[in-house]
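Before any comments, here is the structure.
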Amino acid sequence: MKRNPALAGVLIGVLLLALAASGCISGGSKEKVLVVGTSADFPPFEYKNTTNGQITGFDIELITMIAKKIGYDRVEIKDMDFDSLIPSLQAGKIDVAIAGMTITDERKKVVDFSDPYWEADQAVIVRKDSSITVTSVDDLKGKVIGVEKGTTGAEYVKKHLGSNVTLKEYPGYVEALQALLNGQVDVVVLDSPVANMFVQKYGVKIVYTIQTGEHYGIAVRKGNTELLNKINSALKTIKNSPDWNKLVAKYFGG
Ligand code: GLN
């Protein structure tokens, strides 16, 4: 029988492909990576460490713990504007979004949320030297209000104050805070836990809290029930373990 070099070459090629696909010659099994979207200007939930620029925070540690528990080797963090998170989830660019994101009926139409893991209200902050006092939402009428685009704070102001205020929407809190410190806006409306951090770090104070009673959840693509169920069971386990109290103490000092 005559050998056919071309056929032998094809056979070897097919064999190599099969081995590569089975992971035998690629140096072991493929790493399982959970791609996590966040918006890293929301301390203490997610922010950039000032010394090394690394994204860290309560949410980042929480999702890393969850990912380990449900069989991922590591998380890959993708930082973006808050209002890009849901579109990125829908487009399949990220597997989950964790960003102090409030569970709302509106968002529930397009993504699924985990069980709640934190609570927040909306705080009204002003410059430390400001004489603005607020005793009800109506006192905000006539003011220039800064918010982060796409947030529940922005929605609240639009819904309850509408054309009675001048609303300035910023892509992130860094810009909103800057505008407040520069005097371009009178007040900023943002989540109370983050406002508390800003008070400690910058020349601002909280003059009023709107009791919105929000709950934060981890978002997944609509219908990704398998991942959602795993996240919920891991979240439950973590919340009932000493890890939870350690995490809370680390980021909230309690
Ligand atoms: N909790 C607010 C929201 O969901 C703000 C979140 C954020 O800015 N990261 O809209």
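Both ligands and their constituent atoms are indexed starting at 1 by order of listing.
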Would you check whether F45 reaches within less than 4.0 Å of ligand 1, judged by its heavy atoms? no
Give me the nearest non-hydrogen protein atom to atom 6 (C) of ligand 1 as residue plus atom name, then the distance to 0.1 Å. G100 O, 3.2 Å
How far is atom 8 (O) of ligand 1 from the closest protein heavy atom, and which atom is that? E148 OE1, 2.7 Å
Element-labelled atoms of ligand 1 that are located less than 4.0 Å from some non-hydrogen atom of A99: 6 (C), 7 (C), 9 (N)
Any nitrogen or oxygen of D191, side chain or backbone, less than 3.5 Å from one on ligand 1? yes
Flag the pair W118 / F252 as yes when their ring centroid distance falls below 6.0 Å, and as no otherwise. yes
Parallel, tilted or perpendicular: which one describes the rings of F58 and Y117, with boundaries at 30° and 60°? parallel
Under 4.0 Å from one or more heavy atoms of M101, ligand 1 contributes atoms 4 (O)
Please indicate whether K32 has more than 12 foreign heavy atoms, meaning atoms of other residues, nucleotides or ligands, lying under 6.0 Å from its NZ. yes
Quick check on the 6.0 Å ring-centre criterion: do F82 and F42 meet it? no
Heavy atoms only, cut-off 4.0 Å: how does E155 contact ligand 1, side chain, backbone, both, or neither? neither
Is R107 close to ligand 1, meaning an N/O of one under 3.5 Å from an N/O of the other? yes
Are S39 and ligand 1 in contact, using a heavy-atom cut-off of under 4.0 Å? no
Does ligand 1 come near enough to T152 that some N or O of the ligand is less than 3.5 Å from an N or O of the residue? yes
Quick one: does D138's side chain get under 4.5 Å of N164's, heavy atoms only? no
Relative to the ring of Y202, is the ring of F198 parallel (under 30°), tilted (30 to 60°) or perpendicular (over 60°)? perpendicular
Out of T151, T212, D191, T102, which one pairs with Q122 under the side chain to side chain donor-acceptor pair (under 3.5 Å) rule? D191
